[in-house]
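Reading through the structure tokens given below for one structure.
Computed from heavy atoms alone, side chains included, the values below leave out hydrogens, waters and symmetry copies. Each ligand, and each atom within it, is numbered from 1 in the order the structure gives.
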Amino acid sequence: MKKSTYWKIAPFGIIAIAILFLIFINPADPPNAALFIGRFHSMVVHFPIGLLLLAILLEALARVFHIEHLASTIKLLLLAGAAGAVAAVLAGLFLEMAPGYEADTLSLHKRLGIGIAILSFIAYGVRLLDAPPGSILYRVYAGALVVLCSFLMIGGHLGSTLTHGPGYLTRYMPQVFRSALGLGLPAQDWAARMAATADAGIYSDLVQPILDSRCISCHNADQPRGGLALDTPEGIEEGGEDGPVLVAGLASESEIMRRILLPPDHTGHMPPEGKAPLTAPEATLIRWWIDEGASFDQKVSEAAPSPLVEQIFAGLDLPEHRTGIFALEIAPADSTAIRAARATRLAVISLGENEPFLQVRCASASDCLNAEQTAALRLIAPQVVWLHLGRTEVADSALAVLAALPHLTRLRLESTSVSDASLVHLSELQYLEYLNLYDTSVSDSGLQHLSALPSLRSLYLWETDVTSEGVEGLRQALPDAEINLGLTLPSVDEDTTSAL
Ligand code: HEC
């Protein structure tokens, strides 16, 4: 073979090896090599973005100024951009195995990335045909470039959100645009506002502006959603359908505060789903106002600022307010305890670089939670938040250890021999959000142990022995939980109509 031929097939070889590697490694327990390749994603990803945007720009210039000789440059840029996009997607798929990315953002970012790779190849292919302006093919090409451009923008933005946390792009955005997007004031702007008003009132200068921009579109005298108007002091004092929303002096007892601090995907969270949650400074200021007595005319200078409020007035960033287990202060696990657990063939992975939390699964499906492993698990119990026992031969009796994992948030038990009686070990897990019981023999009597789990949001009961009545009972006990039954179970409505 000629030397140049090797060069031509080398990229395909690399891609094939990467895909094989992807198929054969276990994403829940990735080897270091996979995580190493993944780290290249954020470097590689800039090449296709630059190349493709340049191709689009040149194409636009070529059309507007009728520059013919750019065609071959544009084709080359599109091909190089498409190849770069494939490389970025592959590296991204490896990076995804590192825990700690926000699932919804990640999934959209990933789909956009794959879309960009496919679209850029299509654009390249169509561009090779040199379709004349006005032809259908030409329009397809132009359309593909427009879509490609918007995918690049949105995908890039989501990528920065994943690495730098939400609000990265909007942090220094002028407040006019932030308000238009429904975003509140960052801490810095609060400091500027405080400096500008010598005699600021806590309610009039701090709290009311927050309510005005974030709440009163739905809570005003004309349209008091939930019976609550937040545009005047009278409305606030009156409360809503369910009674008062404020307990002066006690923010933690106040319905307003409870609603603001619920996890954003909770149906009761305010502002409701789809709207940006209050920023940490905004929530902190409202809390401070209520704790100080929820007065409508107290001056800032008359109250004692809490340490967090002082931080806001100094223009410092606050840590994002965290909910669920993340609001707890938990010390990291002892590294020898983690090593001991790994020695028993438990796969133990940290949930994020600065998090104490751990994700655990059995390295062997046939030998899962033996006596040695349960003992090791107990030594890292406060830190274990994700536990994956799905599709293993874990003994039902070994599940007693679950009661000793107080901060468990995700538990997978699908396709195991878990019994109804064993679910009692879950009944005290107040942070459990996700429970997968797919393909087990769990029945209605097991569901009873789940009915008081306050945080449960996703429950998988597909291919189990539960009945529609049992599920309906659980739905009433846990209105916020999404209960997934697949397509097999007749609903209660069907039962009643068939009786007619
Ligand atoms: C997009 C519309 C919308 C926005 C914006 C909004 N709410 Fe609501 N709010 C509702 C609806 C609808 C209800 C009634 C349903 C419910 O109770 O969840 C409600 C109910 C409430 C209740 C319970 C009232 C009661 O007695 O039942 C409180 C408290 C509340 N909101 C506070 C707030 C606060 C504080 C903000 C701003 C941070 C806010 N809401 C922003 C729509 C909104």
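Salt bridge Glu282/Arg214: present, at least one basic N to carboxylate O contact under 4.0 Å.
Close contacts between ligand 1 and Arg214 involve ligand atoms 5 (C), 37 (C), 41 (C) [criterion: under 4.0 Å to a heavy atom].
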Distance-only donor-acceptor pairs under 3.5 Å for side chains of residues 139-153, two or more places apart:
residue, atom, partner, partner atom, Å
Arg139, NH2, Gly134, O, 3.4
Tyr141, OH, Glu59, OE1, 2.4
Tyr141, OH, Arg127, NE, 3.4
Ser150, OG, Val146, O, 3.3
Ser150, OG, Val147, O, 2.9

Please tabulate, for the side chains in residues 440-455, all donor-acceptor contacts under 3.5 angstrom to protein atoms that are two or more places apart in sequence or on a different chain.
residue, atom, partner, partner atom, Å
Thr440, OG1, Leu437, O, 2.7
Ser443, OG, Asp420, OD2, 2.6
Asp444, OD1, Thr467, N, 2.9
Asp444, OD2, Thr467, OG1, 2.6
Ser445, OG, Asp420, OD2, 3.1
Ser451, OG, Gln448, O, 3.0
Ser455, OG, Gln430, O, 2.6

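A donor-acceptor pair under 3.5 Å is absent between the side-chain atoms of Trp289 and the main chain of Ala251, judged by distance alone. Using a distance-only test at 3.5 Å, with no hydrogens or angles considered, no donor-acceptor pair links the side chain of Ser254 to the main chain of Ile256. Judged purely by atom type and a 3.5 angstrom limit, His219 uses its side chain to pair as donor or acceptor with the backbone of Arg225.
When hydrogens are left out, the protein atom nearest atom 27 (O) of ligand 1 is Asp242 OD2, 3.0 Å; that is the closest non-hydrogen contact.
Note that atom 15 (C) of ligand 1 has no protein non-hydrogen atoms nearby, at separations under 4.0 angstrom.
The shortest N or O to N or O distance between Glu241 and ligand 1 is under 3.5 Å.
The salt bridge (charged side-chain N to carboxylate O under 4.0 Å, His left out) test applied to Glu255 returns Arg258, Arg259, not counting sequence neighbours.
Distances from atom 8 (Fe) of ligand 1 under 2.8 Å pick out these protein N/O/S atoms: His219 NE2, Met270 SD.
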